[in-house]
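Predicted model only: the values in this text are computed from it and were never measured.
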There are 2 protein chains.
Amino acid sequence: MPLPRQVSDLSPYDLLLSVARLGSVGAAARAHGITQPAASARLSSLERRLGLALLQRTTQGSRLTAHGALVADWARTAVDAAAALDAGITSLLRSSGSRLPVAASLTVAEYLLPRWLAALHVASPQTAVALTTGNSEDVAAAVLTGDAEVGFVEGPELPEGLRARTVARDTLTVIVAPGHPWSRRRSGIEPRELSAMPLVSREQGSGTRRYLEHALTRQAGASLAQPLLELSSTTAIKSAVIEGVAPAVLSSLAVAGELAAGTLRRVPISGLALARELRLVHPAGRPLVGPAQDLAAIATRAQ
Amino acid sequence: MPLPRQVSDLSPYDLLLSVARLGSVGAAARAHGITQPAASARLSSLERRLGLALLQRTTQGSRLTAHGALVADWARTAVDAAAALDAGITSLLRSSGSRLPVAASLTVAEYLLPRWLAALHVASPQTAVALTTGNSEDVAAAVLTGDAEVGFVEGPELPEGLRARTVARDTLTVIVAPGHPWSRRRSGIEPRELSAMPLVSREQGSGTRRYLEHALTRQAGASLAQPLLELSSTTAIKSAVIEGVAPAVLSSLAVAGELAAGTLRRVPISGLALARELRLVHPAGRPLVGPAQDLAAIATRAQ
DNA sequence: GGAGAGGCATAAGCCGATTCTATGAGCCCA
DNA sequence: TGGGCTCATAGAATCGGCTTATGCCTCTCC
């Protein structure tokens, strides 16, 4: 189901937000590097498409109408998300030769880092982040060798020479489609039931799968059944679960949206601790300074 | 600061997500109602703009590269936010003559409803929501008269004939710019200090302001100082606070982003309970059915 | 092994959306 | 009353994206 046309181009909304902030169409046009007639036309066209009066135009400037204020508040969320996407992409491009090299495990890179980068861009616009991703060992190695100033890792292991600070928590979560029998289990399932059930999972060797196997072995003396289906992306796994293929175990950060929307159900599991800490690491010798410290502060506050 | 061009148009990203889900460019093109060459060009142009290889094209289909998977995961957040924006706008348009009339107070409409509507659209696409906004009394009246099937109100009052269910909580929060003296107050401030400080606030009569005055009077026997500046939008207030004009008191839902980003600081306040419940209401006689029940389930789960 | 189907890229032409410059009208202030 | 601000409109030029047509590659199945 593709995105409706009304909202696929965010630039009119972005312009609307600038008008709201600056108080006039002309000022917003200058801020966006276009002429006033172009801005005027873009806004009129938006109003015509939506069939809503968003702006109250006067000869002293323009203000949002009640509907306009509501739309602007909603639009801000989308525009902020797009800015986070841009921050992520931009940092991905600067693979070297830049200011603040950051290494992150996949979970952090996917679900947490974009917002932090967007916030960092606001707090210190001249800082250029160069992002590399990898598993927690790769990240630790990058930080130790100095290839990265700051790293974000999952799990408890911590090589000598690194200092760490917990910035977020993440819980592996058993998910099923709403119709699945497990979704009606109030009491939760036992580790043995999970271990006996063929799951939809990532390929062998993925961080999430390794961590689940490890926890199951250590805490319940059990192991995972042969997966019913191995897929290479979290998104593909969620789709398969939603279609009722089988349950899966994914990061709580990955499924928060679907759980909220009700398209997936969480199944409690008893007697198995599946929480792991996401931690910021940096060399023990070198305290964080400048932009790295800013990023650390943002990540810490964001908890 | 306008949105970068890379991300102002989300349609290439939307298309990328479809390719990831469907496994081929042609299938994604069909899903979006465009031809295969158009989709191919749109994706190539995205890759060229970003300077990143996102897709691995084969004669059997296309898969995401590692970079592509990361970008797709980030993009999903932005696309979902845009879908929520669309859901909000669409519901705003159907001011009457439609399926599920919903009335909501401004706080709920601004910060919570869009995601619920987007989830509802997934769960039951044929449901058309008609949204009206107003203060809690308006909402209660609309539900009582049957103008709305479901309502969302703030605060504890509950007219006869309505049943309510708490779906979220919201706390009025004192915010200051990072440099403000209050931001260094670990112990929090006293109600008397707040009451003596001229604030940036909404105009008289706004729900948030009334609630704050009420709480201050009832719980601390104090009243609000004359505001330093009255502004008509939450956004304008946040900007003023960030620029250091004065502290303000806003909903925690309104400032979560800025607090996470560190552009605003929260100041604890002792001896004043400023939490309020956001509740779903419906006529006592008529239990929720159909789409209204779906929406209630989504709102309840989303907590 | 050859035919068919499905996958993708390229080329050429068309159409439309958006932009710019130029200009006019309304309001405020000195 | 003139200058400066606001916004809207008009006409011309430009740019980008779409469609159709085509070719190449690979897998599958007879």
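- Residue B:S62 places its side chain closer to C:dC8 than to any other of C:dC8, D:dA10, D:dC7.
- Note: NE2 (B:H32) to P (D:dC18) measures 12 Å, nearest angstrom.
- As a whole-Å value, the separation of B:L46 CG from C:dA9 P is 13 Å.
- Phosphate contact (OP1/OP2 of C:dC8, side-chain N/O of B:Q36, threshold under 4.0 Å): absent.
- Within the nucleic acid shown, B:A38 comes within 4.0 Å of at least one base atom, counting heavy atoms only.
- Sequence order on DNA chain D of the closest nucleotides to B:A41 and A:S24 puts A:S24 first from the 5' end.
- Here the C1' atom of nucleotide C:dC8 and the CD atom of B:E47 are 13 Å apart, to the nearest Å.
- Within 4.0 Å (heavy atoms only), B:T58 reaches sugar-phosphate atoms of the nucleic acid but no base atom.
- Ion pairing of B:R209 with B:E230 is present here, as a side-chain N (NZ or NE/NH1/NH2) and a carboxylate O approach within less than 4.0 Å.
- Heavy atoms of A:T35 sit under 4.0 angstrom from at least one base atom.
- Taking a cutoff of 4.0 Å between a charged side-chain nitrogen and a carboxylate oxygen, B:R115 and A:E258 do not qualify as a salt bridge.
- A close approach under 4.0 Å does not occur between any side-chain nitrogen or oxygen of B:S40 and OP1 or OP2 of C:dT10.
- Within the structure, every side-chain polar atom (N or O) of A:R57 is placed at least 4.0 Å from both OP1 and OP2 of D:dT6.
- Between the CG atom of A:L22 and the C1' atom of D:dC5 there is a distance of 15 Å, given to the nearest Å.
- For B:T59 and D:dC24, the shortest distance from a side-chain N or O to OP1 or OP2 is not below 4.0 Å.
- Counting any heavy atom pair closer than 4.0 Å across all strands shown, A:S45 reaches no nucleic acid atom.
- Under the 4.5 Å side-chain criterion, counting only non-hydrogen atoms from C-beta, B:S11 is in contact with B:R42.
- Computed from coordinates, the B:R5 CZ to D:dC15 P distance equals 12 Å when rounded to whole Å.
- OP1 or OP2 of D:dC18 sits under 4.0 Å from a side-chain N or O of B:R42.
- Separating the CZ atom of B:R48 from the P atom of D:dG17 is a distance of 9 Å, rounded to the nearest angstrom.
- Here the closest heavy-atom approach between residue A:I237 and residue A:A248 is recorded as CG2-CB, 3.6 Å.
- Nearest-nucleotide mapping onto DNA chain D: of B:D9 and B:P37, the residue sitting toward the 5' end is B:D9.
- To the nearest 0.5 angstrom, B:L15 atom CG is 9.0 Å from B:L46 atom CG.
- Each of A:I34 and A:Q60 was assigned the nucleotide of DNA chain C with the nearest heavy atom; the assignment lying further toward the 5' end belongs to A:I34.
- Atom C1' of nucleotide C:dT18 and atom CG of A:L15 are separated by 13 Å, given to the nearest angstrom.
- Mapping A:R49 and B:V25 onto DNA chain C by nearest heavy atom places B:V25 at the nucleotide closer to the 5' end.
- Between B:R57 and B:E47, at least one side-chain nitrogen of the basic residue sits less than 4.0 Å from a carboxylate oxygen of the acidic one, meeting the salt-bridge criterion.
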